[in-house]
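The structure under discussion appears below in the form of structure tokens.
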Amino acid sequence: LLFARGNLEFLAANQAALGVFGEAEIAAAGKNATTAGLLKLLEAWRADPAMQDSDRLQRLAGHDTILGPCGEPFQVMVQAPLGESNLLLVTLRRHEPQCARCEASQRDPVTELPTRLLWENWMLEAESRSAEHGERFGVVLMDLDDFKRINDTWGHQAGDAVLRVVGRRLRRIAENGRRVARFGGDEFAVLLAPLTSEEELATTIEQLRERLTEPVSLGGVSIPLSGSLGAAAGSPGTTVAQVLQAADRAMYEQKRQRQ
């Protein structure tokens, strides 16, 4: 993890750290139980004159452990990168393998997409950045139309195969600030943060619609697909709950019109 030395602002993290804590948790250091311990250690490091050697690895003696999202201990090491006295490089070393509960809470086993829990952490991060920096963010919710018919006609294994195909298709748009997750069942979500324009949101909706209407070929059988989508944008002062409710209403209104 990389922090600014002066104000301890979170700057960057590698994929291993993001996979454990989630970017929302890291960026909001001190605002939640997961990372409050880390921020406390960094403040202690910054205040201790004995720990100010910029050229060598520094261990926070006596305070070298924080607890991860599932209560697992991480050893904390702090380094001022050579030639970068204004930065703090924080290395976290796990004492034990990641627990199954923590891993399962972040990754959907069928589609391998992030879960709703991790996605909602990203939403909270977007809300925080919107309030602090004036950024807008967008949400698109979608679910497959008449998915029960697929399970009833071709079986639940076919249904899971369809979900995996949809997951792969959605991952292709997970770039440039877009984040995709499976909410559960046949429902998926995309977060755009920051949202640069209404045109970006409209373009994303059209791309998703194209992905959801492509038939899926399984064992020589072409299974038709369609989906209902709802979108909403958040601005400074808008809460996560308000944006999700607006997108959800729009999605179910489209679904009602299709029936």
Side-chain angles (χ1 to χ4, degrees), residues 18-19 21-25 32 69-70 100-128 130 137-151 156-193 195 201 204-214 216 223 225-234 238-259:
L18 295 180
F21 292 98
E23 187 172 347
E25 295 287 325
N32 52 70
C70 290
R101 178 171 66 87
C102 187
E103 186 173 6
S105 70
Q106 298 174 353
R107 192 68 53 180
D108 172 59
V110 176
T111 64
E112 298 185 353
L113 291 174
T115 61
R116 180 170 185 158
L117 177 63
L118 183 54
W119 192 87
E120 288 181 342
N121 280 339
W122 294 336
M123 277 288 289
L124 291 172
E125 175 195 354
E127 179 185 308
S128 176
S130 179
F137 60 96
V139 169
V140 184
L141 299 181
M142 69 207 86
D143 73 11
L144 302 178
D145 295 331
D146 203 16
F147 183 69
K148 183 177 181 297
R149 177 186 57 83
I150 296 176
N151 283 329
H156 288 278
Q157 287 186 337
D160 285 349
V162 168
L163 292 174
R164 282 191 287 271
V165 171
V166 171
R168 288 196 296 269
R169 292 175 180 176
L170 296 182
R171 276 197 296 273
R172 296 173 191 163
I173 73 161
E175 56 186 17
N176 300 325
R178 299 168 176 173
R179 288 179 162 172
V180 180
R182 182 189 179 194
F183 262 29
D186 60 353
E187 189 170 350
F188 299 84
V190 177
L191 170 65
L192 295 86
L195 177 65
L201 186 58
T204 301
I205 292 171
E206 186 58 33
Q207 290 175 344
L208 292 170
R209 198 183 309 281
E210 291 176 0
R211 300 288 194 276
L212 291 178
T213 55
E214 297 174 12
V216 174
I223 300 177
L225 286 184
S226 65
S228 299
L229 293 85
T238 308
T239 67
V240 166
Q242 290 170 334
V243 176
L244 285 175
Q245 288 172 1
D248 195 60
R249 284 196 299 268
M251 181 181 69
Y252 279 98
E253 176 59 23
Q254 185 178 107
K255 185 175 287 291
R256 185 189 64 80
Q257 293 175 1
R258 289 171 175 268
Q259 293 176 348

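Residue pairs meeting the salt bridge (charged side-chain N to carboxylate O under 4.0 Å, His left out) criterion with at least one partner in residues 243-254, sequence neighbours excluded, are E253-R256.
Summarising the geometry, atom CZ belonging to R211 is positioned 10.5 Å from atom CD belonging to E206; distances are rounded to the nearest 0.5 Å. Note that OG of S226 is 8.0 Å distant from CG of L144, once rounded to the nearest 0.5 Å. Separation of atoms CD1 (I205) and CD (E210) is listed at 12.5 Å; rounding is to 0.5 Å. Atom CG of residue L212 and atom CG of residue L170 lie 6.0 Å apart, to the nearest 0.5 angstrom. With rounding to the nearest 0.5 Å, the separation of CZ in F183 from CG in L141 is 5.5 Å. Atom CE of M251 is separated from atom CG of L244 by 10.5 Å, given to the nearest 0.5 angstrom.
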(Q) With side chain to side chain contact (heavy atoms under 4.5 Å, CB included) as the criterion, how do L163 and V166 come out once you've worked through the C-alpha distance, each side chain's angles and the decisive distance to 0.1 Å? (A) CA-CA 5 Å; L163 292 174; V166 171; 5.6 Å; no
Q.
Working note: L192 + T204, criterion side chain to side chain contact (heavy atoms under 4.5 Å, CB included); need CA distance, chi angles, decisive distance, verdict.
A. CA-CA 9 Å; L192 295 86; T204 301; 3.2 Å; yes
**Q.** side chain to side chain contact (heavy atoms under 4.5 Å, CB included) assessment of Q254 paired with L229
**A.** CA-CA 7 Å; Q254 185 178 107; L229 293 85; 4.2 Å; yes
Q | side chain to side chain contact (heavy atoms under 4.5 Å, CB included) evaluation trace for L191 with R178 | A | CA-CA 5 Å; L191 170 65; R178 299 168 176 173; over 6 Å; no
Q: Apply the test side chain to side chain donor-acceptor pair (under 3.5 Å) to residues R182 and T115: give CA-CA distance (whole Å), side-chain angles for both, the deciding distance (0.1 Å), then the verdict.
A: CA-CA 6 Å; R182 182 189 179 194; T115 61; over 6 Å; no
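For Q257, the CD atom is densely surrounded, since the number of other residues' heavy atoms within 6.0 Å is greater than 12.
Scanning all heavy atoms of the two residues, the minimum distance from A232 to A247 falls at CB-N, 3.7 Å. Nearest heavy-atom pair across S228 and D145 is OG-OD1, 2.7 Å. Smallest separation of non-hydrogen atoms from L195 and A233: CD2-CB, 3.9 Å. Pairing each heavy atom of A250 with each of A231, the nearest pair is CB-N, 4.1 Å. In this structure, Q157 and R164 approach most closely via the heavy-atom pair O-NH2, 4.4 Å.
The pair R169-E214 counts as a salt bridge, with a side-chain nitrogen and a carboxylate oxygen less than 4.0 angstrom apart. In summary, D108 and R116 do not engage in a salt bridge, as defined by a charged side-chain N under 4.0 Å from a carboxylate O.
Annotation: side chain of N151 is not in contact with side chain of K148 (no heavy-atom distance under 4.5 Å). Between F188 and V140 there is no side-chain heavy-atom pair separated by less than 4.5 Å. Looking only at side-chain heavy atoms (C-beta outward), L201 and F137 stay at 4.5 Å or farther from each other. Taking the side chain as every heavy atom from C-beta outward, V216 and I150 never approach each other to under 4.5 Å. Here the side chains of L208 and V190 are in contact, with some heavy-atom distance below 4.5 Å.
Using a distance-only test at 3.5 Å, with no hydrogens or angles considered, a donor-acceptor pair links the side chain of R107 to the main chain of E112. A side-chain donor-acceptor contact under 3.5 Å links T213 to the backbone of R209. A distance-only check finds no donor-acceptor pair linking the side chain of E127 to the backbone of T239 [under 3.5 Å]. With hydrogens and angles disregarded, a donor-acceptor distance shorter than 3.5 Å links the side chain of W119 to the backbone of R179.
Applying the ring pair (Phe, Tyr, Trp, His ring centres under 6.0 Å) rule to F147 yields no partners; only residues at least two apart in sequence or on another chain are considered. Not a single salt bridge (charged side-chain N to carboxylate O under 4.0 Å, His left out) links D186 to another residue, sequence neighbours left out.
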